[in-house]
*Asks:* 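Input: one structure, supplied below.
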Number of protein chains: 2
Amino acid sequence: MRSNVAKKQLESKTTSSVASRPYRIEEQVGYLLRRAHQRASAIFQVGIGDPNITPTQYSSMVKLNEYKELSQNLLGRLVGMDKATMQGVVRRLKERGLVDSRPDPGDARRTLLSLTTEGNRLVAKLLLNGPAVSRETLKPLTQQEQRQLLDLLSKIA
Amino acid sequence: MRSNVAKKQLESKTTSSVASRPYRIEEQVGYLLRRAHQRASAIFQVGIGDPNITPTQYSSMVKLNEYKELSQNLLGRLVGMDKATMQGVVRRLKERGLVDSRPDPGDARRTLLSLTTEGNRLVAKLLLNGPAVSRETLKPLTQQEQRQLLDLLSKIA
DNA sequence: ATGTCATCGTGTGTATACGAACGATATGGG
DNA sequence: CCCATATCGTTCGTATACACACGATGACAT
């Protein structure tokens with residue numbers, strides 16, 4: 001009998017729980033992550049303090065504020081963006097005078113990025129609103145649930 | 001002294017926890033949701049069984065499979081997509097012969113959508129892989145953590 | 001019946017997001 | 001030194017994602 005249990009788990013059960021629950025799209029992680037991300041982005045847009053700054057632009061500027069100077073590729077890795085995506089983000093930030101670039105003197109393949117004075121001023125202002133945006137996004141949860149969610153997301157991200 | 005503590009909490013503390021933690025972009029919900037969603041999408045792409053089907057196309061087809069026929073707008077609400085986004089998704093599915101449309105006889109504003117025979121065949125095949133995709137995405141978590149995450153995401157989505 | 005307001009689908013513009021291909025440059029082994 | 005390989009940034013193509021404006025249609029009150 002025990003071997004039957006083991007065998008059953010090896011068979012192509014669609015869920016690993018004992019009772020195979022119906023497959024509902026609204027209960028799948030990917031779907032829920034997409035919806036949650038949509039809501040977080042919407043809250044960010046109205047709460048960060050500048051309607052023209054997107055979440056990815058914000059995280060890029062925060063990282064540049066932290067490191068002073070970074071190659072475009074390394075910045076992309078730090079904020080989790082494809083190099084093609086990074087290229088567009090950086091181009092727009094440069095067009096708005098928030099970011100400056102110069103060739104890396106030690107490696108001609110690299111472009112070094114840094115915040116301009118205006119970029120520094122803007123990110124300082126946005127950073128004041130950052131915590132409120134996160135708080136608003138987590139508002140439906142209790143303190144304990146908020147910590148749990150951040151913990152679980154860190155594990156699967 | 002007690003009044004000082006109370007006062008401190010009323011002052012513009014950036015986090016509501018007792019000790020104000022440094023603001024790290026990697027610990028913010030929005031950032032973690034973006035990264036987790038990226039990973040989920042990557043797993044979907046390799047695991048769903050058809051590299052040309054995206055997560056949103058998949059959820060649209062699953063819903064059409066469930067309801068047989070839906071107006072474009074209602075489908076968008078059911079899967080959490082803007083009507084402009086929905087328009088593009090539907091157009092591509094129609095171009096590939098997976099979805100059909102006809103004017104709603106009772107309301108000339110509406111377009112009724114349904115799966116074609118080929119669409120039905122495809123979604124049936126993809127649905128076999130759906131559970132494995134979700135399982136793989138949740139793999140870093142224990143059973144209990146998986147349930148917790150789905151629960152917490154439902155609350156904030 | 002008419003006018004107001006809402007809804008539906010479309011089109012446009014902007015911004016991620018990523019695979020793929022490309023040229024320029026760097027690195028390490030022979 | 002030279003060649004194979006890897007890295008860096010760019011470009012192209014495709015696909016969400018959403019705000020906004022538009023025209024057509026429906027619903028409803030007067």
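Order of the sequence lines sets the chain letters (A, B, ...), proteins ahead of strands, with each chain counted from 1.
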*Asks:* So if I apply the side chain to side chain donor-acceptor pair (under 3.5 Å) rule between A/Arg24 and each of A/Gln28, A/Glu27, A/Glu26, which one comes out positive?
*Replies:* A/Glu27
*Asks:* Whole Å only: how far is the CG atom of A/Asp82 from the P atom of D/dG9?
*Replies:* 13 Å
*Asks:* Looking at the side chain of A/Arg34, which of D/dA17, D/dT16, C/dA15 is the nearest nucleotide?
*Replies:* D/dA17
*Asks:* Which nucleotide sits closest to the side chain of A/Ala84: C/dC18, D/dT10, D/dA19?
*Replies:* C/dC18
*Asks:* Base, sugar-phosphate or nothing for A/Arg96? Non-hydrogen atoms, less than 4.0 Å.
*Replies:* sugar-phosphate
*Asks:* Using a 4.0 Å heavy-atom cut-off across all strands, classify A/Asn73 as base, sugar-phosphate, or nothing.
*Replies:* sugar-phosphate
*Asks:* Are the side chain of A/Asn129 and the backbone of A/Ile48 linked by a donor-acceptor contact shorter than 3.5 Å?
*Replies:* yes
*Asks:* If the threshold is 4.0 Å, N to carboxylate O, is there a salt bridge linking A/Glu66 and A/Lys63?
*Replies:* yes
*Asks:* Could you tell me the separation between the CG atom of B/Leu93 and the C1' atom of D/dT16, rounded to a whole number of Å?
*Replies:* 13 Å
*Asks:* Does the pair B/Asp151/B/Arg147 count as a salt bridge with the N-to-O cut at 4.0 Å?
*Replies:* no
*Asks:* Nearest to the side chain of B/Thr85, heavy atoms from C-beta on, is which of C/dA26, D/dA17, C/dC8?
*Replies:* D/dA17
*Asks:* Report the nucleotide, chosen from D/dT10, C/dA6, D/dA17, that has the shortest atom-to-atom distance to any side-chain atom of B/Arg109.
*Replies:* C/dA6
*Asks:* Please work out if B/Arg91 contacts a base, only the sugar-phosphate, or nothing of the nucleic acid, heavy-atom cut-off 4.0 Å.
*Replies:* nothing
*Asks:* Given D/dA17, C/dA26, D/dG26, identify the nucleotide with an atom nearest to the side chain of B/Ala108.
*Replies:* D/dG26
*Asks:* Compare the minimum distances between each of D/dC8, D/dA17, C/dG9 and the side chain of A/Arg110, then state the nucleotide with the smallest one.
*Replies:* D/dC8
*Asks:* Assuming nearest nucleotide by heavy-atom distance, tell me which of A/Gln45 and B/Arg92 is located more 5' along DNA chain D.
*Replies:* B/Arg92
*Asks:* Need to verify one output field. Residue with the more 5' nearest nucleotide on DNA chain C, A/Lys83 or A/Thr56?
*Replies:* A/Thr56
